[in-house]
Colleague: 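Just passing along the structure, written as structure tokens.
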Amino acid sequence: MELLTQPIGLSHYLVVSALLFVCGVACMATKRNLLGVLMGIELVLSGANLNFVAFGSPYLQSKSLGMDGQMIALFVIVLAAAEAAVALAIALNYYHTHATVDVDKADELKG
Amino acid sequence: MNDEFARSEYCPLTTDHCPLISVNLSDLLQDVLSSTTGPLMGSFRPEVVISITILVILLQRTFLPAWKLGAFYLMLLGLGTAFYFVVPWHGTMEGMKSPPPFTGMLVADSFSVGLRTLLYLFTLLLIPFTQISGVPKREDAAEFYVLVLGALLGMSLMVAANHLIVVLVGMEMASLPCYVLAGWQRNRRFGSEAALKYAVFGAGAAGVMLFGMSLLAGALGSAHLPTMASKLIALFELFPQERSAVVATSGLLMLGGLMLFVGIGFKLAAFPFHFWAPDAFEGASAEVGAFISVASKIAALGLLVRLALAFSAVPDPGALEKLAPAREYLVILISTLAAITCTFGNLAAYGQTNMKRLLAYSTIAHAGYMMMAVAAAVAVAGNADRSGAEEAIASLVVYAGIYLFMNLAAFAGVAFLRNVLGSEDLHEYAGLVRRSPGFTVCMALVMFSLLGLPPLAGFTAKFAVFKALYETGKSPIHALLAIGVLNTVLSLFYYLRVVKVMVIDPEPADRTAPEIPLRSAAGGYFFLLASFMLLLFFFSGGVANWARRAVESLLM
Amino acid sequence: MDTLPLLLGTAWLLPLASFALILLFGSRMGKAGRGAGFVATAAIVAAFVLSATALTVWLSAHPIEAPAGHSSATADSAEHGAAAKENHAADTHASAGETTAAKKIIPPVAGDWYELGAFGTKRITIGYYIDALTIAMFFMVTMVASCIHIYSFGYMHEELSEVTDHQVTLASGQHLHRRGRFHRFYQYLSLFCFSMLGLVIAGNIAMVFVFWELVGICSYFLIGFYIERKSASNAANKAFIVNRVGDFGMIIGLMAVWTGMGTFSFGDYEMKDAQGRETMRPGIFSQARPAGNDFQLQAPDGMVKFAKRDEIAEIVQKSENAADAELQIEKRIDGWRKDGFGYGWLIVAGLGIFCGCVGKSAQFPLHVWLPDAMEGPTPVSALIHAATMVAAGVYLVGRFYPVFTPEVLMVIAYIGCITLFIAATMALVATDIKRVLAFSTVSQLGYMMLALGFGGWLAGIFHLFTHAFFKALLFLCSGSVIHATHTNEMPRMGGLLKKMPYTGITMLIGCLAIAGAGIPWIIGLSGYYSKDFIIAQGLVYQHANPLHGWLFYFSVAGAGMTSFYMFRLWYMTFLGTPRDKHVYDHAHESTPSMLVPLVILAVMSVISGWKVPFTNLELPALLTQAIPSGTEEGAVSNLTKFYIPAEHLSHESGVHFFATGIAFLMALLGFVLATAFYGTKRLDPNDARRTFATLYRIFIHKWYFDEAYQKIFVRPALAISGWIAWLDKNGLDWIADNSARLMGLCARLDDWFDRKFVDRLIDLVAAGTYRLGIRLKALQTGSLRQYVMLLAVGLAALFMIMNFYWNFAMSKM
């Protein structure tokens, strides 16, 4: 509760990124629409990104990750983009074969 | 200050203070060049060759589309060159630890050389396999091979990772092409579904792993693995005094480590992160299945070893006991997962009728065995005498090498039979011994080897790992050994069922499929692989020696 | 001399190679196996060449010097004997004494090829013992065998195609049709040659025994060659079984030798002693007649010690250590020996070995198999049952001679005498041409044994050689006749000389040889010389032991009977009017392949007693080189009063002159009688038969031996085996069956338990595992959302587990 009253520090960033993370995971786990699932993935990656940046900021803590944090964040953005591209291509392929983007319809492979 | 930077272990760009102001551009350039070009001409040569091969294949695809087998030959050439560069022809792998290339991002030691040898060898064997089995078709072969090479590049990074970003980049580079490869056959429903599940699950796992990495990096204040280890030691040294802080941080570390492990578990298909594996294997074609099951598994294990040993063993013997809590944590985590994974994999394979699915569960089980070896290594990494941990990792390398051949052979068998029978269902294999006795015998050999029966290579592999488990002398590891042995017994059923169906079941009267004689390309290739089952058993001493050489500079 | 083992060894093994080749490929060699004959003949001829080479090697190393006063065929001896019977007796005796004293001891070439096993100081080996006797035997055996191999080409010609056996009637009433077995015949012949030569070259008595049995087996195969004929298979069984009876005694003798002498080896041999040094250890002959004792027979140390073993045990107990005990024993051993201890075992050894010879050489009382053995093809009879195998017994007596005590020699003489007499009587009345020859063989073998028993080693062995040649010749001629007339019965033959001149003439030569014909005191056929030696030795023996003189008289009578029945045979076959027109019409001369051996053997029958012109080389002189050391001197029996005279006494011209006269007289008597009965038909055989009706009955029934043996041995044995079979069927089998049933019951009980409980348990476990597996499979639902959910849940669960553990660990710290 003290978080709500303190000045913005590291923990706030961590809380927000955790929230993003949890939202993303919840999205992945519950959405029926394939594109929704992909959005959830993006949310997760964003949360992690935020974490890195927060840890890397020298203004929020003295012994920070430093430039590593920002570098990693850049890499993650690129990777997320690549992943999104690939995932969307796969989603398109799925749509071509199943004529739907409903994830629940993808249950022929089971057991 | 420049000297200090130059001598520091990692990227001189990060310090406690804001460094940007006091850095000299020429020094910067010099550092970058020296730490980059060196490896580019040295330990990183194979990866460079692979990158060049990707380019050349793409160019050939664009400018010389008439050369149908172009991709095949270029691939062979490229991989052959990479293989040539990675194998230490002068025989020794010592002294390969320093200096760490790319300012400490990668590790160039015997372990990375060993695993990369395995990876490139595997891909070299895979290429003819794809040509013989006809997937991919000639027109699409270039893209297929480019994807494979891309994944390979990522895997090469994974096994040499020394920095969290390389872990991430390597993993992603290795996984993304595999998602596409899983859905390679565009018009098949199963393929697209498999790719979907694989991609989504993989992306999710990667996201979780990334979050965990961020927690770890933040808590320990660095993303460079050796630095993180020393920071961890410093943290533990604080322990009795600042108890609460340590406990809080270690809670965070634990979570972070666990989430990091989710990503690795995903790559390894460990329970409960394996759900993608059966579907992906069933939906993808057998060739892709071979690639995923072997190459990414080997890379994932390499990565696991890197990460686990980074936090369990440091070169300085004095600091070794301080890492005991980390070691214990890792041992419990890895061994629990290993035990559950291999038991689950073996048991769930019982009800499978699709061969690829069966092999997927078998892959899961084998991953369990291999994780046991890592658990053993971590358990004894704290001893002053490093040979215990080295033996454990060496046994892992032996297992990985033999597993390479076994699984490739199994998937090759499935692929060839699919070409001939048009089905991957186990019951379609009934009575094959009458039509293709040689092929069936080779398949039986492969199954027995996967099972771990002497005098086949699978036995050597299992025996090496079990021996390493036994020699740790610690009872939790011995419990793991008991579970491992029990699981070997459990796995008897489904492997022998394959053999039984092929040999004993009567042939269906209306089968019109031709046989696979051993003299054909498919039969000959399969026979070659099956003969390795025997050869590797009889040359197990040589294999073990090579594995030992591969780990000698791992723990230095 | 070093090449001798190689030459003779190769000659020995060549027939084995031929046997192996024919065994493996015989039926494929040439048309209908004809090539087998060439292979076998080539092998044996090559062996003959090697034997001849060995002979020349031996002669060049040990040339035969001119003997003084002992030669038989020079003009000198004629004058010598005639002029100076009394004056020169002493001189010749002295010169004979000098010669014998000057007779140098030619060491035999003895050694081992291969050691089969060693038990402390005793060992069993494959070895050789080569002296003049060995070489001469090799020469003779290979020559006769070569002739017979060539002869068989013609005789066994019918085996090259399908054969109709007229002596076998099947149940359907038809005669048997069967495939020809040409190659099989030569296969057995080769095996036989290998066995016989192995027996001759053997360097130890165990090896002799092995090959003894081997020749027995070959005889079995060959007698029963026409296996579908009941008579032939019976005869083969009889031969083998009767031989076995003799071998029983031989084994006892072997055991006595092994225990008493500690070795089987004839000659001295090298062995590593306890310290690892190679020392020469004495063989059988050296132990029985040590050089230290002037080569006189004495009980060997081992036998003396065995006889006195109780006292030796006492000595060993009373003394402090082994060396002391040894010393004590050594002091006493000569005394014990003089007291006669151990001598009995020597007699046992000798009698045992001789027992084997009785069986093999068809001596009384084991002579019954040889007449029946004529069921085999005639070349077989010629080779085995005339020239070689039956001679093996005599050969072994000759070889083992140094070990025979005078008592044993007397037994040999008696048995030989009885044999020769009864066999000759049987031959007087037999009508089957081969039977007559068979009885004749038995009789002549008796002669050889008698000669050896008389102390005439040279006489007996020389007769062995000459007998081989002319008996083989006689058999082959009879085979020629049988082949031409398709009958064995002499009453159906007659007047065949016109139709088969070559056969007739060669057979006549054979008859003359066996009768001992010649111009007395001047020259004669081979049989003349050998028979002379025997009669001469008999004379000397009779002079030395008047009590046993009747042995000599019987032998002389036997000589007469020999001449009679042989000429009877010849007259009945070749002269006179043909008694069966059909047979006469069919008769024809044999092919050259059958005639050439006849001629060769006829020549050998004539010349084998003569010297090779312009040299000193003659067969008796060669054999003289092989006379065992110490035996020339005669012996005195320890137990009873009789003497074995020294052989050279028989060579004294006086004795010799007398002996020649007697022998010639008897031969002439027999010839005259035979001519009277069968040649000129002055006397009628039927009259003689009626006059001596009882005797005739006894003779024609072969002295009722077969019937006696049947009653005494065969019937009781069959009865006993019948009782035992009943016991086995009703007693033992009942036990066996019921215990098997009991076992079955136990097994069924066990099975029930196993099936009900153990299997259930295992099935339960297996089913449980399988069900678990199927349930786990259900975890994979196929729904992506569920997968991701499970990922998160798994993560959370793991976290909680690790948290618990971590807190636990932290609280402990």
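Chain naming here is simple, since letters A, B, ... match the order of the sequence lines and numbering starts at 1 in each. Note that this is a predicted model, so its numbers are computed, not measured.
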Colleague: So which part of Tyr361(B) gets closer than 4.5 Å to some heavy atom of chain C, the side chain, the backbone, both or neither?
Modeller: side chain
Colleague: Quick one: closest heavy-atom pair of Gly782(C) and Lys197(B), and the distance?
Modeller: O-NZ, 2.8 Å
Colleague: Hey, does Asp279(B) have a side-chain heavy atom less than 4.5 Å from the side chain of Leu784(C)?
Modeller: no
Colleague: Given a strict heavy-atom distance threshold of 4.5 Å, which part of Tyr329(B) is in contact with chain C: side chain, backbone, both, or neither?
Modeller: both
Colleague: What distance do Leu333(B) atom CG and Ile801(C) atom CD1 have between them, rounded to the nearest 0.5 Å?
Modeller: 9.5 Å
Colleague: Looking only at heavy atoms and a cut-off of under 4.5 Å, which of Leu772(C), Val793(C), Thr781(C), Leu790(C) has the most pairs with chain B?
Modeller: Leu790(C)
Colleague: Quick one: closest heavy-atom pair of Lys777(C) and Gly351(B), and the distance?
Modeller: NZ-O, 3.0 Å
Colleague: Could you grab the distance from atom CD1 of Ile332(B) to atom CG of Leu798(C), nearest 0.5 Å is fine?
Modeller: 12.0 Å
Colleague: Can you name the closest pair of heavy atoms from Gly794(C) and Pro272(B) and give their distance?
Modeller: CA-CG, 3.8 Å
Colleague: Checking side chain to side chain contact (heavy atoms under 4.5 Å, CB included) between Tyr787(C) and each of Trp276(B), Phe201(B), Phe273(B), which is the one that passes?
Modeller: Phe201(B)
Colleague: How long is the gap from CE on Met802(C) to CG on Leu258(B), to the nearest 0.5 Å?
Modeller: 7.5 Å
Colleague: Of all the heavy-atom pairs spanning Phe275(B) and Gln780(C), show the shortest one and how long it is.
Modeller: O-NE2, 2.6 Å
Colleague: Surrounding CH2 of Trp734(C) (heavy atoms of other residues, nucleotides or ligands, distance under 6.0 Å), is the total greater than 12?
Modeller: no
Colleague: What part of Phe493(B) gets within 4.5 angstrom of chain C, counting heavy atoms only: side chain, backbone, both, or neither?
Modeller: side chain
Colleague: Most heavy-atom pairs under 4.5 angstrom with chain B, which of Leu791(C), Ile774(C), Val788(C)?
Modeller: Leu791(C)
Colleague: With a 4.5 angstrom heavy-atom cut-off, could you sort out which part of Phe266(B) is near chain C: side chain, backbone, both or neither?
Modeller: neither
Colleague: Would you say Arg179(C) has more than 12 foreign heavy atoms packed within less than 6.0 Å of its CZ?
Modeller: no
Colleague: Any chance you could lay out the side chain to side chain contact (heavy atoms under 4.5 Å, CB included) test for Phe271(B) and Leu779(C), step after step, and finish with the verdict?
Modeller: CA-CA 11 Å; Phe271(B) 184 92; Leu779(C) 201 58; 3.6 Å; yes
Colleague: Within the 4.5 Å heavy-atom criterion, are Phe799(C) and Met259(B) side-chain neighbours or not?
Modeller: no
